[in-house]
2 protein chains.
Amino acid sequence: MTGARGRARGRRPGDTDTRAHILEAARELFAHDGYERASMRAIAARAQVDPALIVHYFGTKRDLLAACLRLPVDPQSLISEINSHPPEEHGEALVLSLVRLWDRPEYTQNFLAMLRAGANDDQARLQLQDTMKHSVQHAVAGLVDDRSTQRAALVMSQMSGLAMSRYFLCIPEIVAMSPEDLATAVGPAIQRYLWGDW
Amino acid sequence: MTGARGRARGRRPGDTDTRAHILEAARELFAHDGYERASMRAIAARAQVDPALIVHYFGTKRDLLAACLRLPVDPQSLISEINSHPPEEHGEALVLSLVRLWDRPEYTQNFLAMLRAGANDDQARLQLQDTMKHSVQHAVAGLVDDRSTQRAALVMSQMSGLAMSRYFLCIPEIVAMSPEDLATAVGPAIQRYLWGDW
């Protein structure tokens, strides 16, 4: 889960790469050591940059955490992908898309880093709440009109637990299931939260 | 969420009370300060006992954490309560019983303490995994025979997310719902994990 610590890296050809390397190093260290213990100095060392450069690009450690939380998920492309299926398949499509995305190591690491930061720090927890709320609410509002905020909250109640079980608690039965298995097992619950009459 | 910090307490009439007060103080501090930062000395001060007494009753700080995780939930009484309903109501009955239980401040606090400890410490995380697995698996095995381990894992994937959303992320729409509202909204998902054909 902690990635390829200490692997050799080439020189930084430009700004975008440097920013990306800093974010990668910060995610690895936040996930591995927790928000509090991961120092700016250690993150700089891991990214092979001067600590002043992190301050230059991101500001404080809290700002760096905030930048880590903004993964390049485009809710619009998630909505388009799900809307390419008929409404009765939205639940399965949502589970499949999200699990495939979250299974990517940088997302798994980000989830663990966010959880760790949020568990230790109220402001980080509020930031996590905010990030999740807005991305899920945005996605759900792009799918259904009626009661979309409450539907989004219930979708979150299932998907956050799926993420917990698969990436944090590592419940063997959940880890063993493929994204497709999970879409079949969990999709109908999401379908009902999105489109049901509860 | 942090309980009645610093409220006046009477003298300790006996062993059971002393143990209970130490556990209460430990849960409050683990939840509030996190496992690492909460010192045995601070827990002793909060429980108004000598630190040596904590060692006498519980052993190390890790042992104390383990004792905190063993809340007096009797899976057998949960099974009896749920089995007093017809099978088609098991999902709603399970959600209603668990949310009512978890809404009690000592359970909420315990959940936050476990999450905080688990986020910071791999052994605490494994202990949390173990506790959840065994209690939920035990309860589900008392309800259904067929594929009960996998059913329990899926029940966990929903219920852990519900707990996250209600007590940790504090998603307003989830916090605003009564245990009965949640039973109606989430019960059918649990029902399908318990009895469905997925």
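FYI, side chains are in, hydrogens and waters are out, and symmetry mates aren't considered; it's all heavy atoms of this structure. Keep in mind that what you see is a predicted model, and the values were worked out from it rather than measured. Chain letters run A, B, ... following the sequence lines, proteins first and then strands; every chain starts at 1.
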Participant: Under 6.0 Å from the CG atom of Asp145(A), do we count more than 12 heavy atoms belonging to anything else shown?
Facilitator: no

Participant: Treating Ile, Leu, Val, Met, Phe, Trp and Tyr as nodes and any side-chain heavy-atom pair under 4.5 angstrom as an edge, say whether Phe111(B) and Leu96(B) lie in one connected cluster.
Facilitator: no

Participant: Is there a path of hydrophobic side-chain contacts, each under 4.5 Å between heavy atoms of I, L, V, M, F, W or Y residues, that connects Leu101(B) with Val136(B)?
Facilitator: yes

Participant: How would you list, in number order, the residues of residues 176-191 of chain B that have a heavy atom less than 4.5 Å from chain A?
Facilitator: Met177(B), Thr184(B), Ala185(B), Val186(B), Pro188(B), Ala189(B)

Participant: For a quick test of reading the model, state the closest non-hydrogen atom pair linking Ile171(B) to Gln129(A) and the distance between them.
Facilitator: CD1-CG, 4.2 Å

Participant: Could you tell me which residues satisfy ring-ring contact (aromatic ring centres under 6.0 Å, His included) with Phe30(B), sequence neighbours excluded, listed by chain and number?
Facilitator: Tyr35(B)

Participant: Could you pull out all residues at least two apart from Trp198(B) that satisfy ring-ring contact (aromatic ring centres under 6.0 Å, His included)?
Facilitator: none

Participant: Are there residues of residues 150-164 of chain A whose heavy atoms fall under 4.5 Å of chain B's heavy atoms? If so, which?
Facilitator: Gln150(A), Ala153(A), Leu154(A), Met156(A), Ser157(A), Gln158(A), Ser160(A), Gly161(A), Leu162(A), Met164(A)

Participant: Please check this pair: side chain of Glu173(A) against backbone of Thr149(B), looking for a donor-acceptor N/O pair closer than 3.5 Å.
Facilitator: no

Participant: Mind checking whether Tyr167(B) and Met114(A) sit in one hydrophobic cluster, side chains of I, L, V, M, F, W, Y counted as touching below 4.5 Å?
Facilitator: yes

